[in-house]
There are 2 protein chains.
Amino acid sequence: MASQALPYRPHNHQACVSQALADARAICRAQNARLTPTRERVLELIWQSHKPLGAYDVLAELTAEGQSAAPPTVYRALDFLQQHGLVHRIASLNAFIGCAHAGENHTGMFLICRSCGNVLELKAPGVSGAIEDAAKAEHFKAEDVTLEIAGLCPRCHSESRHD
Amino acid sequence: MASQALPYRPHNHQACVSQALADARAICRAQNARLTPTRERVLELIWQSHKPLGAYDVLAELTAEGQSAAPPTVYRALDFLQQHGLVHRIASLNAFIGCAHAGENHTGMFLICRSCGNVLELKAPGVSGAIEDAAKAEHFKAEDVTLEIAGLCPRCHSESRHD
DNA sequence: CGGGAAATGTTATAATGTATCAAATTTTCC
DNA sequence: GGAAAATTTGATACATTATAACATTTCCCG
Ligand SMILES: [Zn+2]
Ligand SMILES: [Zn+2]
Ligand SMILES: [Zn+2]
Ligand SMILES: [Zn+2]
């Protein structure tokens, strides 16, 4: 698995996209799932940056490309991608982002920069463990964790200090 | 501070409501904030159970009571209550729930039962600490944490096993 | 009182997400 | 290969959640 680029640092983002698409194809092949052209194109659009994209933003890009698309087109593709662990929905933003750890078993932890909008997905096993322990202490059977941290990324934080 | 009732166990819920309203009045007085009749009524409606309530559910109850209310009425009251730490928004449900630790500095962790719909708010300092550590390790300045765990509460979990 | 701020009323609209059913495509299995 | 079944897509309509904008009222303070 390639090492993770930091979203808020300049990087060869095309490599992120290529890697994500290659991973997605491999995962879908392994799961006997059909990564159809629309689904793949939606995934690629989601990965166009490290900023979460709204469903209607995706829709706008699809229609701009001449595809006949309606809201269900996008939501169905996003549902598929979520179910196969290729994208995550950011509940606090009503938006979607490519999974940075597709294929790895993980509960995503998202660091969302309020200033630049970029999102970093961490695995943070320590956090996951603490959450599981806390749930277990309450005899609660945890099935799905939503963990989203809004704040300032290192870059925006340092910029806001020396202005 | 009164000890917390477990939402999914039978309890004298009127006590929860009374306590929440008394706390709210004290907090608003201390902060020089105006807990107007509509705001107080919305808080009371939110506290009518331990299940999160949608803004439009609140609206329906207000209009049923004869109040002339529109969406902004409710959203403004909810904004006020959130800003003063009296209710939380559950992002994964687009719904609102009374804060079980009003006045205490905390980052809420919500255990949401998929079966009965009840929500328990925990303080879980261990989790908060782990989250802070993980954010700090990435040089990320965390400002707001959304932590929502969907699953099965002890009651629903045990019921689903011996049926 | 009176002037300014805060809160509310009112209407309209934006943004996000689903239900439903028909048509097309792909897979399965003989 | 070809019919039947399952999956995917198209298309329309609608439901739900949230906000913009501006007028009016109420409250606070001097
Ligand atoms: Zn992920
Ligand atoms: Zn940033
Ligand atoms: Zn709380
Ligand atoms: Zn339950």
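Proteins come first, then strands; the chains are lettered A, B, ... in the order of their sequence lines, and each starts at number 1.
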Distance, rounded to the nearest Å, where N32(B) contributes CG and dC27(D) contributes P: 16 Å
Could you tell me whether E40(B) and R25(B) make a salt bridge, using a distance below 4.0 angstrom between a side-chain N and a carboxylate O? yes
Rounded to whole Å, the CG-C1' distance (L35(A) to dT26(C)) equals 15 Å
Return the value, rounded to whole Å, for the distance between atom CD1 of I90(A) and atom P of dG17(C). 12 Å
Between C1' on dT16(C) and CZ on R89(B), what's the gap in Å once rounded to a whole number? 11 Å
By nearest-nucleotide position on DNA chain C, the 5'-leaning member of S68(B) and A33(B) is A33(B)
Answer yes or no: does a side-chain N or O of T36(A) lie under 4.0 Å from OP1 or OP2 of dT9(D)? yes
Are there more than 12 heavy atoms of other residues, nucleotides or ligands under 6.0 Å from atom CG of N12(B)? yes
Whole-Å distance between dT16(D) P and D57(B) CG? 10 Å
Distance in angstrom units between D79(A) CG and dT16(C) P, rounded: 16 Å
Earlier contact from the 5' end, DNA chain C, for G54(A) and P72(A): G54(A)
Just call it for R34(A): base, sugar-phosphate, or nothing, with non-hydrogen atoms closer than 4.0 Å on any strand. sugar-phosphate
If only side-chain N and O atoms of N94(A) are considered, is one of them under 4.0 Å from the OP1 or OP2 phosphate oxygen of dG17(C)? yes
Record whether the side chain of Y56(B) comes under 3.5 Å of the base of dA18(D) through a donor-acceptor pair of N or O atoms. yes
For Y8(B), does the six-membered ring have the charged nitrogen or CZ of R155(B) within the cation-pi criterion, i.e. under 6.0 angstrom from the centroid and within 45° of the normal? no
Is the distance from OP1 or OP2 of dA18(D) to the nearest side-chain N or O of Y75(B) less than 4.0 Å? yes
Main chain of W47(B), side chain of H13(B): is a donor-acceptor contact present, judged purely on distance under 3.5 Å? yes
If I take atom CG in residue L59(A) and atom C1' in nucleotide dT16(C), what distance separates them, rounded to the nearest angstrom? 11 Å
dT7(D) P sits how many Å from H84(A) NE2, rounded? 12 Å
Within the modelled atom types, does a donor on one side and an acceptor on the other bring the side chain of R76(A) and the base of dG17(C) under 3.5 Å apart? no
Please tell me if the side chains of L62(B) and V42(B) come closer than 4.5 Å, counting only heavy atoms from C-beta onward. yes
